[in-house]
Amino acid sequence: MGLKNRLAYGFTQKIVSIDKEVLLKILVACLVALPLIVFVLYPLFHILGRSFQTPDGIGLSNYFSVLGSKRFLGLVYNSFAVTLVTTGLTVFLAFIFAFSIQRTNIPLKNLFRLITLVPLFAPSLVQAQGLLLLLGRNGLINRTLGTDFSIYGYWGIVISSVLYVFPYAFLIFSASLAMADNRLYESSRILGAGPWRTFITVTLPSTRFALMASTFVAFTLVITDFGNPMVIGGDYSVLATEVYNQVIGQANFELGTVIGMVLLLPVALAVAVEKYFNKNHQDQLSEHAKPMVVQPHKLRDAVFTIYSVLICLCILAVVGIVIFASFTHLWPYRMDLSLRHYAFDVQNGIQPLWNSIYVGFMAAGIGIVAVGLAAYITERFKTFLDSPLYFLCIVPAAVPGMVLGLGYILAFNNPSNPVYAIYGSLLLIAICNVYYYHAQGFLIASTSMKQISSTYDEASATLGGTFIRTIRKVTLPIMWPTLVGVAVFFFMRSMVTLSAVIFLITPSSQVAAVSVLLLEDRGAVNQAAAFSVCIMGVVVAFLLLARLVLNYFGYRNISLIR
Amino acid sequence: MKSNYGEPMNMNKIVSSFFCIALVLTLSLGAWPSHAQANEITVYTSYEEDEAAAFLDAFYRDNPDISVNLLRLSTGDLHARMLAESSNPRHDVIWGWAVTNMVDPRIMDMLEPYQPEGIHKVPARFRDAGNKWFAKTGYMAAFCVNNEILKRKNLPMPASWEDLLRPEFKGEVVMPNPASSGTGYLMIASILQMKGEEEGWEYLEKLDNNIAQYIKSGSRPCNAASAGEFAVGASFALRAIKNIEEGFPITMVIPSEGAGNELEATGLMKTSRNKETAKRFIDWTLSEKAVNEYYKWKEIVTVEGGAMPQNFIQAGLPQDIGSVMVDMDFPWSSANRDRILDEWQTKLER
């Protein structure tokens, strides 16, 4: 073979292989996009369609009857009154707490940090329940002090919601405050700025994105949460509880879907604004950054220690009293210890806990693949599909869980739909959990993907590796600890989530969080508490396991709780 | 030529192996739906968890070869679910569910007429003329009154709905929200039926001044009163009896005007994929052993054949239960449900 011929042969080979590679990339991107379309967009369109369905055909009358009513305006007002105040309080409190963990020399930092994260291990319902046991009309405080105040209503919802979203906001601030370039602080000090001025001119500006992110996360979580308002709200109704009432109580799917649509709006807006600003956000840390050195300051440390202890006491009191109540004979009349509430006299007894664990493992498995691939594609494939796929991946952040669950029932309970084959199974519940939490899982994976320099990929590509080989030989070996984190994330959320799955359970697919709700609904408060304690136990055990595995392989710095 | 990583064979292998991870992970964890076996039926019920579990135990003793998937949801939840699933119902039998909801035409359309063995034991007024449902059990309204609070706040023991209007009960009474709770609706319906609509609404508006909360479920008002959160919780009799048994310091009060009540009906689904087994289950619900169980758990049993348990009587339930019950007009309750709830929501919902 002549040299010329060989060159020509090699050239065409290369074209063919590039074409194949691009085609394959597009194919894989479509494969990742497909389930997002099926399990997120399709149910949403069903809800949208249903909201226009009226007894006299397609029309806007559902919207008119909801949006025009005085009650609805009241609900919107209530929802925003709760959400805005909760968001403000949470962001303020969590910022100071994160600051004391990352920027002061207080003792027992790891313990404080761990205590703060405890609410993430339990269904949100339990926050409100603990608050009632503590501050209810016959709660511990009123009983011991002989006072007679009532926690039901606005402030009850706000306090329990703050406890509920505090860890989420704290994690965002903590991550942001952990990143700091000591040179900036050195300069500020050398230029004569006091701590307050340094805080205003250096610390605050560097956390503005975290400020925005945590604000929107808190806003979204609170406005769509129905567990806390249901337990502690009394007659104070919000939009999320109204969706629950319209659908569950009055079988009014049309009005439920309308309010669901209305609920989608502010959430979608919040998510959109946050993503817009985050897109223009460049990491401020250069490679020359020096790690932060916290200056000693006794008074500051004392003040922040007291603050941290107070916050931790609040969190521990609420969760602790639930654990305690689960072991008492008859709260609040007979406080002697007893295990009788752990003999669950519900159908299938403890089985829902096993179902939840099962669902958690499946969600972790599906989640790793779905989210890992999606992150890889949007970060590394340079195809025209990148931004639509990115958009698809974060759409679920804007969808309240109960809206998604309602969409599943409307869309998939239909034998002509192929998904019907798994309708009513634990698998569909796991899938629902994966796609409900898809945005957060995706962001964890893609943030970590960003941190792996793409030079490895380029090197691998230059050496002739396909992206699949790159994934296998380069990305996976670097990424796997993060993927373990993703698995833990999906497992934890699957164990405690309530809102989406409540529409999907069947006799054989009851899950633990719903059992807590049903027990609470029946008024078996102690048994509900006991079931929550079981859930928390499982989550903590799983976390410890994952931690051990990572430590064994030497990855001590991967944070598992997000 | 030397192998090139772009070679299709190799690529396919890796692609498939990658997706296999997903598949293996999900499949190995199983959970594909078990498709209906010969002797497996799905039953939806609104019986309380503990009583449903007891009935089912008795059923299994007689029918060890049948496996029942039981879904227990409260009345309103079940209504929502069945309507949502109406294009393709997943259950074979509705068991122990409020008659007021059962006669909803949308639900009635899903039912198949069936005359179980022993249907003659159920008096004609407790079953559908078209044989689509029959009611063998029921529940009635009762107040749970917390003795500890009465003593602490020096309140009198209420004996009637009228007593709840007394100013000293302001903020101490909780009742179920009739829009979401079956128990709540039967209370409103019974008051409107006893007093007539005009006077009934007047009463409800006055009562509203004393109500601390309208609670979403029917059992929670009793539990809230039992936990000492409020002095009086309007609920149903069995919840009161069970909570007294649990050791809560409460008294059960049956309103002297008469107790509103609801019957729990059973019916066969047209769409059942396993009608023979479903029919065996329904037949069993009228068997002697089943009826014996009902007498242990229910304040109202429409079928003769048992005696009221001692703890019911000790809790204050009269043996001649008919004497304290309002004679409910169920067709009226059902036909006017939307209108009454609408009016209630405009006037009283918070």
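Looking at B/Asn223, the atoms closer than 4.5 Å to chain A (heavy atoms on both sides) all sit in the side chain, from C-beta outward. Only the side chain of A/Leu330 has a heavy atom closer than 4.5 Å to any heavy atom of chain B. When heavy atoms are compared at a cutoff of 4.5 Å, A/Arg71 approaches chain B solely by way of its side chain, counted from C-beta outward. Residue contact with chain A, scored on non-hydrogen atoms closer than 4.5 Å, involves the backbone of B/Ala212 exclusively. The part of B/Ser226 that comes within reach of chain A is its backbone (N, CA, C, O), which places non-hydrogen atoms under 4.5 angstrom from that chain. In this structure, chain B has no heavy atom under 4.5 Å from any part of A/Arg50. Only the side chain of A/Asp148 comes within less than 4.5 Å of a heavy atom of chain B; its backbone N, CA, C and O stay farther away. Contact annotation for B/Ala52: neither backbone nor side-chain heavy atoms come within less than 4.5 Å of a heavy atom of chain A. Of the two parts of B/Lys242, neither the backbone nor the side chain holds a non-hydrogen atom closer than 4.5 Å to a non-hydrogen atom of chain A. If you measure heavy-atom distances from A/Leu406 to chain B, you find no contacts under 4.5 Å at all. For B/Glu246, the parts sitting under 4.5 Å from any heavy atom of chain A are the backbone and the side chain alike.
Under the side chain to side chain donor-acceptor pair (under 3.5 Å) criterion, A/Tyr333 pairs with B/Asn146, not counting sequence neighbours.
Cation-pi geometry between A/Arg137 and A/Tyr152 is not met: the NZ or CZ atom fails to fall both under 6.0 Å from the ring centre and inside 45° of the normal.
For B/Met110 against B/Ser86, the heavy-atom pair with the smallest separation is CE-CB, 3.5 Å.
B/Arg337 has no carboxylate O lying under 4.0 Å from a charged side-chain N of B/Asp104, or vice versa, which leaves the two without a salt bridge. By the 4.0 Å N-to-carboxylate-O rule, B/Glu48 lies close enough to B/Arg239 to be salt-bridged with it.
Within the model, atoms CG of A/Asp235 and CD of B/Glu349 stand 8.5 Å from one another, a figure rounded to the nearest 0.5 Å. Separation of atoms NE2 (A/His46) and CD1 (A/Ile409) is listed at 12.5 Å; rounding is to 0.5 Å.
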Exercise for the section: Report the C-alpha separation of B/Trp344 and B/Tyr214 in whole Å, then their side-chain angles, then the decisive distance to 0.1 Å, and conclude whether the ring pair (Phe, Tyr, Trp, His ring centres under 6.0 Å) test is met. Expected result: CA-CA 12 Å; B/Trp344 186 83; B/Tyr214 293 105; 5.0 Å; yes

